[in-house]
Protein chains: 2
Amino acid sequence: MSIQSEALDRKFIENFEKMIPDKGNRQIIMNAIEVFSRKGLAGTKIKDIAEKAGFSQGFVYNYFKSKDDIFIKIFDLALEGAGNSVKYASELEGTPYQKIYWLTEAYLSPEGISMHHWRLIMLQATTSEGIPEEAKRISKEKIKKPFEYMLPMIIEGQNLGEIVKEDPLTLSITYFSFIQGLGITRVQNGKDIPFPSVDMVLSFLRSKA
Amino acid sequence: MSIQSEALDRKFIENFEKMIPDKGNRQIIMNAIEVFSRKGLAGTKIKDIAEKAGFSQGFVYNYFKSKDDIFIKIFDLALEGAGNSVKYASELEGTPYQKIYWLTEAYLSPEGISMHHWRLIMLQATTSEGIPEEAKRISKEKIKKPFEYMLPMIIEGQNLGEIVKEDPLTLSITYFSFIQGLGITRVQNGKDIPFPSVDMVLSFLRSKA
DNA sequence: GTCTATAGGTAGATAGAC
DNA sequence: GTCTATCTACCTATAGAC
């Protein structure tokens, strides 16, 4: 596990404990993340989550009032984590390209909780019709955060001449799409298939001058 | 709609009519593709498909024996389409890089049935636990096709000096991951957001010499 | 605190009407 | 051919036992 993804996981857990103070709730959520990400919202039965957490089916309802309720909290956490990861990278020492390099290294790490976020965000936003209204609302609100931190980095990098002078928004969209695609490949195939280096992934960003 | 994606769609429809000879079956499948890709396997109700196709819920069972049955046929078609698209590109005139350029143009086109395939493959393979055993078997069998046609193109391109001299398998995996990530972004956001040019996407493939 | 039992609702699949 | 009615099974959520 890379230093980068460890740092992001630490950040995530910090935020996790702040957003979900109760330990029992956290235990269920940790297990539910795993199940949801494998089966999706509709495909996940409360029994699956309960069994994985070592509880009876009915007991889950002492902590959450519905399946949607659990899902919304996880979805919110995932989006927070996505925003925070870019924010954290943007606050590091170094040039913009170095920061993005660091972030990419974290994302590409085969371990790390951050991978699960991306997967969930992807999976659920794709099947977005089925997700609760509340989750859609949260999504609208928070999906822009990663871009808020990424865009200034790209623009600064362009001014420094280390990032190619294309439209910054297009570059951001391309970056997150690429990362998401690689994340999906990772979760589908495990960590034993060949994977691109950070340098290869960031070719499209680097200035050719 | 680009010439490239039109060509792939024509190929797809050809294969579609060969694999599903009955017109009624095809009508249901065309509608089911759309619903499955929006809601996933578990989230799709037979009623949704029936309504979209303009039938009653029960009528669907005159054509297919179960929901899984419909899904398996679509999944198979999607994987066939994925393999055929790369095969088709590899048989075009031109240098390997030109062929991959053509293929990428087809994939990035906002319209075109091919986009739906990718989305479905992605979505369902990601939530793979929930899909029927038969679909998993088909997946194992056909998922390698795109690589079979992509790898020789990359190797030839490397020999010609137009493609960077990195491990061909890594480059292939990176390519399909990238395309998949962009496809997801497309279906999530529609065609009105900025999107990278083919040149930008293929930066990581181009020889720097 | 945690489980078991169950009520109530939903959806897949079938069968019989028109 | 196509629809309506229904049977059955499963799942969510609750309520009450220990």
Side-chain angles (χ1 to χ4, degrees), chain A residues 20-76 120 123-124 127-136, chain B residues 20-76 120 123-124 127-136:
Chain A
I20 317 283
D22 182 78
K23 208 176 162 216
N25 286 40
R26 282 206 301 272
Q27 194 190 341
I28 290 174
I29 284 185
M30 286 302 285
N31 287 288
I33 286 176
E34 216 275 316
V35 182
F36 276 131
S37 68
R38 278 189 293 110
K39 306 194 177 188
L41 173 59
T44 297
K45 312 302 164 208
I46 292 289
K47 210 187 72 180
D48 301 331
I49 297 171
E51 266 173 18
K52 184 140 202 322
F55 295 133
S56 69
Q57 188 262 1
F59 187 56
V60 172
Y61 290 90
N62 283 302
Y63 288 95
F64 296 93
K65 76 174 211 301
S66 69
K67 188 169 80 165
D68 277 5
D69 188 31
I70 303 175
F71 180 79
I72 288 164
K73 291 215 165 48
I74 289 177
F75 192 73
D76 195 7
L120 257 180
L123 184 67
Q124 311 308 343
T127 60
S128 52
E129 290 216 354
I131 70 173
E133 284 307 314
E134 171 75 0
K136 289 184 194 168
Chain B
I20 317 283
D22 182 78
K23 207 176 163 218
N25 285 43
R26 282 207 300 271
Q27 193 189 342
I28 290 174
I29 284 186
M30 286 303 284
N31 287 287
I33 286 176
E34 217 275 315
V35 182
F36 276 132
S37 68
R38 277 189 293 109
K39 306 194 177 188
L41 174 59
T44 297
K45 313 303 165 207
I46 292 287
K47 211 186 73 179
D48 301 331
I49 297 171
E51 265 173 19
K52 183 136 203 326
F55 294 133
S56 69
Q57 190 258 4
F59 187 57
V60 172
Y61 289 91
N62 282 304
Y63 290 95
F64 296 95
K65 73 174 215 298
S66 68
K67 187 168 82 164
D68 277 5
D69 188 29
I70 303 175
F71 179 79
I72 288 164
K73 291 215 166 45
I74 289 177
F75 191 73
D76 196 5
L120 258 182
L123 184 67
Q124 311 309 342
T127 61
S128 53
E129 290 215 353
I131 70 172
E133 283 307 315
E134 171 74 0
K136 289 185 194 166

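Just so it is clear, the values below take in all heavy atoms, side chains as well, and ignore hydrogens, waters and symmetry mates. Throughout, a chain's letter reflects where its sequence line sits, starting with A, and its residues are numbered from 1.
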Atom CD of B:E51 and atom C1' of D:dC3 are separated, to the nearest Å, by 14 Å
Closest heavy-atom pair, B:K67 versus B:T44, reported as atoms and distance to 0.1 Å, is NZ-O, 2.8 Å
Checklist entry - If only side-chain N and O atoms of A:K45 are considered, is one of them under 4.0 Å from the OP1 or OP2 phosphate oxygen of D:dC11? => result no
In whole angstroms, the gap separating P of D:dG1 from NZ of B:K23 amounts to 14 Å
Closer than 3.5 angstrom, by distance alone: can the side chain of A:K65 be matched with the main-chain N or O of A:N62 as a donor-acceptor pair? no
Separation of D:dC11 atom C1' from A:K39 atom NZ, nearest Å, is 13 Å
note: B:K47, atom NZ; D:dC3, atom P; distance rounded to Å ~ 15 Å
Check the angle between the aromatic planes of A:F71 and A:F75 and answer parallel, tilted or perpendicular using the 30° and 60° thresholds.
parallel
Separation of D:dC18 atom P from A:F59 atom CZ, nearest Å, is 18 Å
A:F64 atom CZ is separated from D:dA13 atom P, nearest whole Å, by 13 Å
From CD1 of B:I46 across to P of C:dT14 the rounded distance in Å is 11 Å
With the side chain defined as heavy atoms from C-beta on, B:S56 is closest, among D:dG1, D:dT4, C:dG12, to D:dT4
So OG of B:S56 and CD of B:E51: to nearest 0.5 Å the spacing works out to 10.5 Å
Please list every donor-acceptor pair under 3.5 Å in which a side-chain atom of residues 27-35 of chain B meets a protein atom from a residue at least two apart or in another chain.
unit_1, atom_1, unit_2, atom_2, d
B:Q27, NE2, B:A53, O, 3.4
B:N31, OD1, B:K52, NZ, 3.4
B:N31, ND2, B:Q27, O, 2.7
B:E34, OE1, B:R38, NE, 3.2
B:E34, OE1, B:R38, NH2, 3.0
B:E34, OE2, B:R38, NE, 3.1

Per atom distances to the A:Y63 side chain, the nearest of C:dG12, C:dT2, D:dG1 is C:dT2
Would you say a side-chain N or O of A:Y61 is under 4.0 Å from OP1 or OP2 of D:dT14?
no
Quick note, B:N62 side chain, CB onward, closest among D:dT2, C:dG12, C:dC3 is D:dT2
The nucleotide from C:dC3, C:dA13, D:dA13 with an atom nearest the side chain of B:K67 is C:dA13
Could a donor-acceptor pair under 3.5 angstrom be found where the side chain of B:Q57 meets the base of C:dA11?
no
Separation of C:dG1 atom P from A:I28 atom CD1, nearest Å, is 14 Å
